[in-house]
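One structure is given below, encoded as structure tokens.
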Protein chains: 2
Amino acid sequence: MRAAVMRGDRFVVEERPTPRPGPGDVLVKVRACGICGSDLHYFKHAPEIIEMAAQLGAPTEAMERNLAAGPVLGHEFVCEIVEFGADARRDLKVGDRVASMPFVLRDGAPALIGSSPEIPGAYAEYMLLSEALLLRVDDDIPDAAAALVEPLGIAVHAVNKAALSPDETPVVVGCGPIGLAVIAVLKARGFAAVVASDLSPKRRDLAATMGADIVVDGGRDSVIAAAQARGGRLVVFENTGAPGMLHRLVIEAPAQSRIVVTGIAPGAESFLPMLAITKELSFAFVIYYTAEEFAEALDLIRRGALNWRALITDTVGLEGVTQAFADLADAERHAKILIDPWMRA
Amino acid sequence: MRAAVMRGDRFVVEERPTPRPGPGDVLVKVRACGICGSDLHYFKHAPEIIEMAAQLGAPTEAMERNLAAGPVLGHEFVCEIVEFGADARRDLKVGDRVASMPFVLRDGAPALIGSSPEIPGAYAEYMLLSEALLLRVDDDIPDAAAALVEPLGIAVHAVNKAALSPDETPVVVGCGPIGLAVIAVLKARGFAAVVASDLSPKRRDLAATMGADIVVDGGRDSVIAAAQARGGRLVVFENTGAPGMLHRLVIEAPAQSRIVVTGIAPGAESFLPMLAITKELSFAFVIYYTAEEFAEALDLIRRGALNWRALITDTVGLEGVTQAFADLADAERHAKILIDPWMRA
């Protein structure tokens, strides 16, 4: 099979053996896979990420082998069942389209897809999934929509962790795919006044398309001030990961604000605890989702709660991955780019 | 009246006019006042604190006047009613002992006691309080116990903000007066396994006296590892304010830990958001209490839930304040020192 393999500063389409499903596994054909911000981060910073993990005493052996072997990334996928491994329950059937959290079960424990040479990801024609984790994708959901279940699951989780009360005002700082998905989830949950900001006009347009009620140019105006004008305690979703943003939020946020962080700043960040304590701020750092939240994201897609057509700005084949990674740096042109491994450039 | 006035690197006992109670005010005689960690912090860093406030755009006029005039600190007090101002409701009577949150109402808004020349604190023989905020102190509660209501209120608030579930394990890092009060509140709430750490043997003894079930030498062993051995998700109360402690907790804490911060680090602190996000940590910075929490603290004192005799390590007169501030640097000798403004050195 063909796979887009990360080799230094580019992706190279290589021939790899099609995986064989073991007990509990299912061989699936990849129909579409989104490029995630964390993929961009790993592409740019893999050696530093591994070094930081090592400094912190985490096991890095699999990460090092993966980088040396040429990682096959891809964890935002929609697939089609091709073949069951031994001992399959077969609640679904060959040809069914499926979503799954990006893990496979190995010795009963979840192992992250794309994080070792043994568990390659969805930047390829085929991959293995665990039968126990599969969710069927209804026939009327297009592949492009189903590929967004994973980032939408993160947004569902972020909004759940925020546990907003009706008198609180949600503020979405940074309208990349996660920020836009957070807006969609907040609107699906019925919040009347969602305030959002981004530096990019294109992203601000997308924020409005997703349902944001007030959209602010973060480079010119204070989204905090705009939200305060709405009243209520603020719950800020920080999705930029921009260096200095946490410090800035500690300074700008009014007392009792709660800050939910999905944006991954690359290095150390500094802030003033004295100010955070005087204002009684709180921070919740979030990244994953539960199985229930992942299923809820699929249900939101089914119900049409996410304007996926606006979010997806391009689809490329495996040969187009290197260019797509470069293109995603331009917020004016792109939000989410999908990979269709069967498309020939 | 006599007051201990902060003058640069010492406290000078000066004669000040006894305040006159206006409408809604009550003139009270100070029976005892605790020295708070924030008083120590202000004594050492007042100019930097004001400069930081100015940099952040906060109003500093009253702070500057207070520092120039010679601040009278003191917000952990128990007092006795001497005289009512005009329009008093007189639910209490002259001679009653009272506690109060450290605010007076001015034009309907709370103004912090000790923060301006107009509202001096309890390092003095007399002060003004607001009748509407007074809580009567029962006759069988000694002055020394009642003076601890304020720091205990912070601990009640910190534990409430933590909103622990029964399967979570509380961890108390730093056993100064606030950490010790947090232990007392956790035990009063029925938590079976409270794990605590401090660098000082004396403070560790006090932690055990307050009811901590496992006490760790923080300089030698990991309190996080000790708590993990108990199982359950960790809720860490960080009461040290030690530089680097937040960074260390981000590194050491297991996934899903929640960190409640009462310790005020003096300057900027740096940490790794990528690690906080991977572990889904959360931070709640806390400082105050509600009126209900303050009243609950008085009730805990009434019910004997705080071993106040162990906490109070000395009582000094106004002439002894400078020495007491120096002595409090030695964790081996002291936890809480009270000022009795009527004691002659």
Side-chain angles (χ1 to χ4, degrees), chain A residues 38 41-42 45 48-49 52-53 55-58 112 154 157-158 161-163 238-248 250-253 255-290, chain B residues 38 41-42 45 48-49 52-53 55-58 112 154 157-158 161-163 238-248 250-253 255-290:
Chain A
S38 69
H41 187 71
Y42 179 79
H45 301 292
E48 297 97 299
I49 290 169
M52 188 188 285
Q55 279 176 7
L56 298 169
L112 187 61
I154 291 174
H157 181 59
K161 281 272 189 177
E238 159 22 33
N239 314 298
T240 71
M245 183 58 87
L246 294 178
H247 175 66
R248 191 170 134 191
V250 168
I251 289 176
E252 288 193 13
Q256 304 295 334
S257 295
R258 301 190 289 119
I259 299 162
V260 178
V261 183
T262 74
I264 303 179
E269 287 291 308
S270 129
F271 74 110
L272 294 169
M274 197 191 299
L275 206 55
I277 217 165
T278 307
K279 297 184 185 182
E280 292 213 314
L281 304 179
S282 74
F283 293 84
F285 293 86
V286 303
I287 187 164
Y288 295 120
Y289 31 70
T290 62
Chain B
S38 69
H41 187 69
Y42 179 77
H45 300 292
E48 298 97 298
I49 291 170
M52 188 188 283
Q55 280 177 7
L56 299 168
L112 186 61
I154 292 173
H157 182 57
K161 281 274 189 174
E238 157 25 31
N239 314 298
T240 71
M245 182 59 86
L246 294 178
H247 175 66
R248 192 170 134 191
V250 168
I251 290 176
E252 287 193 14
Q256 304 294 335
S257 294
R258 301 191 290 119
I259 298 162
V260 178
V261 183
T262 74
I264 304 179
E269 288 290 308
S270 132
F271 74 110
L272 294 169
M274 195 191 301
L275 206 54
I277 217 164
T278 307
K279 297 184 185 183
E280 292 213 315
L281 303 180
S282 75
F283 293 84
F285 293 86
V286 304
I287 187 165
Y288 295 120
Y289 30 70
T290 63

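A, B, ... follow the sequence lines: proteins, then strands. Residue 1 opens every chain.
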Spacing of A/Gln55 atom CD and B/Ile251 atom CD1 [to the nearest 0.5 Å]: 9.0 Å
Separation between CD1 of B/Ile277 and OH of A/Tyr288, rounded to the nearest 0.5 Å: 10.0 Å
Counterpart residues, side-chain contact (heavy atoms from CB on, under 4.5 Å), relative to B/Leu246 (two or more places apart): A/Phe271, A/Pro273, B/Glu238, B/Val261, B/Phe283, B/Phe285
Heavy-atom pair of closest approach, residues A/Ile287 and B/Thr278: CG2-O, 4.2 Å
Region of A/Leu275 that comes under 4.5 Å of a non-hydrogen atom in chain B: side chain
B/Gln256: side-chain contact (heavy atoms from CB on, under 4.5 Å) partners, not counting sequence neighbours: A/Lys161, B/Arg233, B/Glu280
Closest approach of B/Ala284 to A/Ser282 (non-hydrogen atoms, all atoms of both residues): CA-CB, 3.9 Å
Side chain, backbone, both or neither of B/His247 within contact of chain A (heavy atoms, under 4.5 Å): neither
Option that, when pairs with chain B are counted at under 4.5 Å, heavy atom only, ranks first among A/Lys279, A/Glu269, A/Glu252, A/Met274: A/Glu269
Contact winner vs chain B - A/Gly57, A/Pro266, A/Gly267, heavy-atom pairs under 4.5 Å: A/Gly267
